[in-house]
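Following: one structure in structure tokens, then a few remarks.
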Protein chains: 2
Amino acid sequence: MEYPPQFSEERGLALIADIVDWQINHGSLLKQIIPHSSTSSSSQCSPVGVSVFPTLFPRAQFDHARELQPIYNELYCAMAEDEQWIFEAIRDLLPVDPLAAALWGIHKEVKQVGYAQKISVGIFRSDYMLEGPEAEFPLRSGQTLNVALKQVEFNTFSCAGGTHANKTGAMHRYLARTSAYETGSDSTTPISLEALPRNDNITSLSGCLAAAHQAYGRQRNRAAADTAVLFVVQPNNFNIADERPLEYALWDQDVPAYRVDYPDDFLQYTTLTESRELLFHPPWLGSKCVEVSVAYMRAGYEAYEYDSIGQEARLRIELSLAIKCPSLLAHICTFKKVQCALTAPGALEHFLSPEKAAMIRSTFVSMYSFDDSDIGSRARHLATDQKLARNYILKPSLEGGGHNTFGEDIPDFLASIPESQWSAYILMERIRSPSVTNVLLSPSGLDSGGVVSELGVFGTCLWRKGTDDRPYDMLQNFVGGWSFKTKHEDVDEMSVVKGYGCFDTPLLF
Amino acid sequence: MEYPPQFSEERGLALIADIVDWQINHGSLLKQIIPHSSTSSSSQCSPVGVSVFPTLFPRAQFDHARELQPIYNELYCAMAEDEQWIFEAIRDLLPVDPLAAALWGIHKEVKQVGYAQKISVGIFRSDYMLEGPEAEFPLRSGQTLNVALKQVEFNTFSCAGGTHANKTGAMHRYLARTSAYETGSDSTTPISLEALPRNDNITSLSGCLAAAHQAYGRQRNRAAADTAVLFVVQPNNFNIADERPLEYALWDQDVPAYRVDYPDDFLQYTTLTESRELLFHPPWLGSKCVEVSVAYMRAGYEAYEYDSIGQEARLRIELSLAIKCPSLLAHICTFKKVQCALTAPGALEHFLSPEKAAMIRSTFVSMYSFDDSDIGSRARHLATDQKLARNYILKPSLEGGGHNTFGEDIPDFLASIPESQWSAYILMERIRSPSVTNVLLSPSGLDSGGVVSELGVFGTCLWRKGTDDRPYDMLQNFVGGWSFKTKHEDVDEMSVVKGYGCFDTPLLF
């Protein structure tokens with residue numbers, strides 16, 4: 001099977017026109033932010049990067065990733081209610097990582113007066129790549145597939161891409177449906193609707209926020225006209241096409257949803273009452289005031305956001321009665337250091353049954369902290385040897401990626417920083433994915449060749465803090481939709497909005 | 001009542017950000033066409049012009065315009081089946097108007113072999129302005145409204161703006177719902193959901209094409225895999241956000257819909273069989289071939305499109321079994337000359353009952369042809385006098401507007417062309433609308449001040465040619481949604497996509 005099909009230039013242009021038109025009509029776009037300008041004339045936008053064809057991905061691994069998600073949700077809810085365990089996992093980080101230090105400091109401050117809200121909500125995403133030998137993928141007839149699903153990272157905070165993935169999935173299904181991939185009567189295209197999974201991120205993510213909103217109940221404060229979900233966002237966001245549809249979907253379910261820039265506008269336009277309701281009263285609502293039921297965080301994941309203003313803003317959120325998406329401790333669970341701590345013997349069994357722990361562990365690759373243990377020595381040995389380092393990635397404990405050092409660059413990088421800073425990083429085995437062929441359409445043009453993909457599975461959950469006997473009650477535990485990002489195999493980073501890689505749909509086989 | 005409400009700069013900026021984000025996320029956009037470029041990098045787009053606030057419009061006149069639409073549909077279907085009447089209306093035009101001559105020529109050629117399809121489908125739009133004295137609008141309490149609904153034009157061909165209007169209506173309703181117009185507790189905003197009518201153009205227009213598709217029945221030709229609606233469009237269209245959603249809506253109803261550029265690609269990628277099925281087999285469908293059930297015309301309304309290639313393409317469409325949206329004679333009914341002929345005494349009664357004729361006539365303003373009659377003398381007198389001409393517009397018989405001459409410019413314009421060409425024009429009384437205040441947001445920025453609006457009502461219908469006794473059978477006759485366009489009162493033209501005016505929503509009172 002030749003994949004993707006070879007198209008004439010004329011046909012390729014028609015396909016690209018179909019793609020671009022679909023993107024323009026469905027908000028599959030990035031906004032171009034021109035500073036100090038606020039009229040429509042400065043509001044240009046352009047299509048987000050997408051693959052021209054869906055990319056081959058084995059159905060068994062796709063299904064397995066979705067099966068794992070409720071267990072991952074359970075694991076992270078349990079972790080988020082285990083302060084002591086988290087502290088052990090990140091204690092080495094606190095002196096060297098300003099984001100970790102800021103968040104832990106806020107946690108301690110809130111703890112002194114006590115958290116006001118027992119319910120938390122999580123929108124998580126677990127990212128995987130396939131690991132397997134080159135030659136076996138895609139399958140030739142009679143060949144056995146020998147690939148495994150390996151976790152790249154687990155995101156608990158500000159998980160992006162849900163809407164773009166939803167729309168890209170719908171786009172590839174539209175193209176398949178309109179015969180845009182038809183190869184002719186003498187051969188059949190493998191791109192059928194049955195092979196392209198549906199994606200319901202907008203429904204599932206907004207549904208989870210709506211459930212949290214219901215769980216909050218009626219407003220307590222008399223000044224408030226209503227309760228509402230508050231999207232806490234970064235200023236001048238060019239990626240509004242990923243966030244806004246969740247607001248629109250909430251309104252469509254009769255759940256009021258507003259947004260505010262973090263941290264300045266948030267501090268200016270909210271008040272924490274003595275009984276710790278969080279009130280929102282920006283000038284653009286006139287004299288209307290709403291009580292925040294759910295604070296949905298799409299900001300506050302970078303260290304620079306925690307100057308004194310940022311700390312004050314986050315403290316106000318955490319002190320409040322609002323249900324946080326996610327809680328502060330669940331936020332900290334997204335650190336690579338925590339991911340690394342889970343690979344320690346017995347760590348998973350602390351939270352999960354042995355059967356579930358084994359399922360989760362099968363997705364792990366080797367990870368190392370630079371600590372004083374034997375593991376730490378091994379990490380130093382691997383990371384400082386040019387040859388050995390080739391098979392590893394050095395990751396800072398930050399959320400969001402984009403700060404990684406790859407393979408042979410690791411020894412020089414580590415040599416350039418004081419050894420006391422090394423504990424801010426973890427060393428992770430590189431996942432070698434079998435390469436397949438595709439054509440990617442990005443703002444810089446068309447690019448065809450070998451590509452690798454990353455599958456993310458969204459999980460949504462709602463849980464209540466429990467007692468020592470039973471540390472938490474799971475109120476909702478759902479698998480959401482998926483995200484599927486594909487990049488040229490020679491590019492290390494994966495970030496579509498930064499121009500590396502494209503949104504994509506798995507073509508299941 | 002002060003309208004629109006006065007907002008602080010900060011609040012105005014927040015409102016505009018809400019508008020722009022909504023537009024980007026909902027495809028309320030214009031595509032920027034960069035010639036000779038076909039990748040995503042050249043596919044920028046920007047928001048279409050919209051009003052910041054909905055514009056005041058009286059509910060009685062809005063409702064009345066909708067009541068009139070089924071009668072207008074009936075009138076135009078009846079006209080479209082009365083070849084002799086149409087010929088009388090446009091006979092003076094044929095020697096001087098190349099578009100009229102081309103269309104009539106194609107009609108005569110088809111008539112020689114006979115039309116193959118008895119069913120036609122119409123997507124019509126009747127445009128109105130309010131006529132009334134300045135001071136009475138908007139109403140002060142206790143004041144009586146003295147405004148009348150006057151027709152600007154009736155469009156039978158390539159009616160645009162349906163999708164943009166649908167989306168703009170949804171946008172203003174979203175803004176009202178999210179308290180974006182809230183003025184505070186001490187006064188209430190008139191901008192309520194009850195005052196903002198819903199708009200269902202995408203559903204109603206696509207529904208009408210789907211009904212025509214069903215009426216066509218199964219494919220007759222064995223080579224065809226399926227039947228499909230074919231959108232016949234202009235190349236390099238920047239207004240895809242108005243057309244494409246109708247295609248998507250058809251697919252959502254399981255009606256296949258494809259598009260082809262007119263006339264070159266159309267000629268290249270279609271075949272007319274001996275039994276007059278129209279087959280579509282472009283390279284981008286691989287070896288797939290579909291039989292066209294409905295040819296939906298969004299091209300072919302300008303004279304330049306009827307060179308020999310264009311004539312051949314239109315002839316092929318008209319000769320075919322495909323149901324045309326609209327038929328060739330219904331197309332000709334959109335000429336201003338036909339609109340003018342309807343104002344002659346007894347003309348409406350030729351098609352309608354006296355009651356219906358009276359209702360329709362009440363929306364007419366004076367119109368004059370430059371012919372040999374007393375009417376023609378009157379037209380020459382009015383149009384060549386600088387002072388008298390002030391109250392008139394000179395319109396060529398072209399579809400689409402944009403070629404009009406206004407008021408005092410008319411005498412000089414007429415003096416600049418040979419008098420033999422004057423019969424290509426009609427003279428129409430200017431409609432003086434009461435001005436209201438609003439803020440318009442267009443690609444050139446914000447503009448506040450006095451504005452006037454144009455209300456369009458969409459009508460959809462399906463009819464079958466009858467016999468001499470009963471010239472046609474109405475199979476469907478529906479009111480669609482509406483369009484509402486607003487421009488600065490000092491601007492003569494109304495064309496949003498050309499940058500004059502904005503899409504808007506009537507705020508009914």
Side-chain angles (χ1 to χ4, degrees), chain A residues 7-8 10-27 29 31-32 38-41 43-47 49-50 174 177-186 189 240-241 244-245 247-248 251 256-258 282-288 290 441-446, chain B residues 7-8 10-27 29 31-32 38-41 43-47 49-50 174 177-186 189 240-241 244-245 247-248 251 256-258 282-288 290 441-446:
Chain A
F7 278 3
S8 67
E10 182 177 30
R11 194 169 176 193
L13 291 177
L15 178 57
I16 288 165
D18 274 352
I19 288 173
V20 168
D21 282 4
W22 197 96
Q23 292 190 277
I24 292 174
N25 278 293
H26 292 82
L29 301 166
K31 186 176 176 181
Q32 282 153 40
S38 53
T39 64
S40 159
S41 58
S43 299
Q44 295 209 322
C45 43
S46 53
V50 290
Y174 163 79
R177 204 170 169 204
T178 61
S179 310
Y181 296 127
E182 205 75 44
T183 46
S185 58
D186 50 342
T189 172
I240 48 128
R244 285 285 204 177
E247 285 178 57
Y248 304 141
W251 283 104
Y258 298 101
W284 57 84
L285 291 184
S287 63
K288 189 170 176 176
V290 294
L441 178 66
S442 76
S444 52
L446 281 174
Chain B
F7 278 1
S8 67
E10 182 179 29
R11 194 168 176 194
L13 290 178
L15 179 56
I16 289 165
D18 275 352
I19 288 174
V20 168
D21 281 3
W22 197 95
Q23 292 189 277
I24 292 173
N25 278 293
H26 293 82
L29 301 166
K31 185 176 177 182
Q32 282 153 38
S38 53
T39 64
S40 161
S41 57
S43 300
Q44 294 209 323
C45 44
S46 53
V50 291
Y174 163 80
R177 202 169 173 207
T178 60
S179 309
Y181 296 126
E182 206 76 43
T183 47
S185 59
D186 51 343
T189 172
I240 49 127
R244 285 284 204 177
E247 285 178 56
Y248 304 142
W251 282 105
Y258 298 100
W284 57 84
L285 292 184
S287 63
K288 190 170 177 177
V290 294
L441 177 66
S442 75
S444 52
L446 281 172

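These numbers were taken from a predicted model, which means no experiment stands behind them. In the text below, chain A, chain B and the rest are named by the order of the sequence lines, each starting its count at 1.
Ranked by heavy-atom pairs under 4.5 Å with chain B, the list A/L15, A/I240, A/L29, A/N25 is led by A/N25. Between chain A and the options B/A14, B/C45, B/P283, the largest number of non-hydrogen pairs under 4.5 Å is found for B/C45.
Distance check: B/W284 CH2 to A/S8 OG gives 10.0 Å after rounding to the nearest 0.5 Å. Going from atom CD of A/Q44 over to atom CD1 of B/I24 covers 10.0 Å, rounded to the nearest 0.5 Å. Within the model, atoms CD of A/E182 and NZ of B/K288 stand 5.5 Å from one another, a figure rounded to the nearest 0.5 Å.
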Hey, mind stepping through B/K31 and A/V20 against side chain to side chain contact (heavy atoms under 4.5 Å, CB included) and telling me if it holds? CA-CA 10 Å; B/K31 185 176 177 182; A/V20 168; 4.3 Å; yes
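In this structure a side-chain-to-backbone donor-acceptor pair under 3.5 Å is missing from A/R244 to B/D21.
Both the backbone and the side chain of B/A241 come within contact range of chain A, each with at least one heavy atom under 4.5 Å from a heavy atom of that chain. With a 4.5 angstrom heavy-atom cutoff, A/Y174 touches chain B only via side-chain atoms. If you measure heavy-atom distances from B/Y258 to chain A, the contacts under 4.5 Å come from the side chain alone.
A/P47 approaches B/S43 most closely through the heavy-atom pair CD-O, 3.0 Å.
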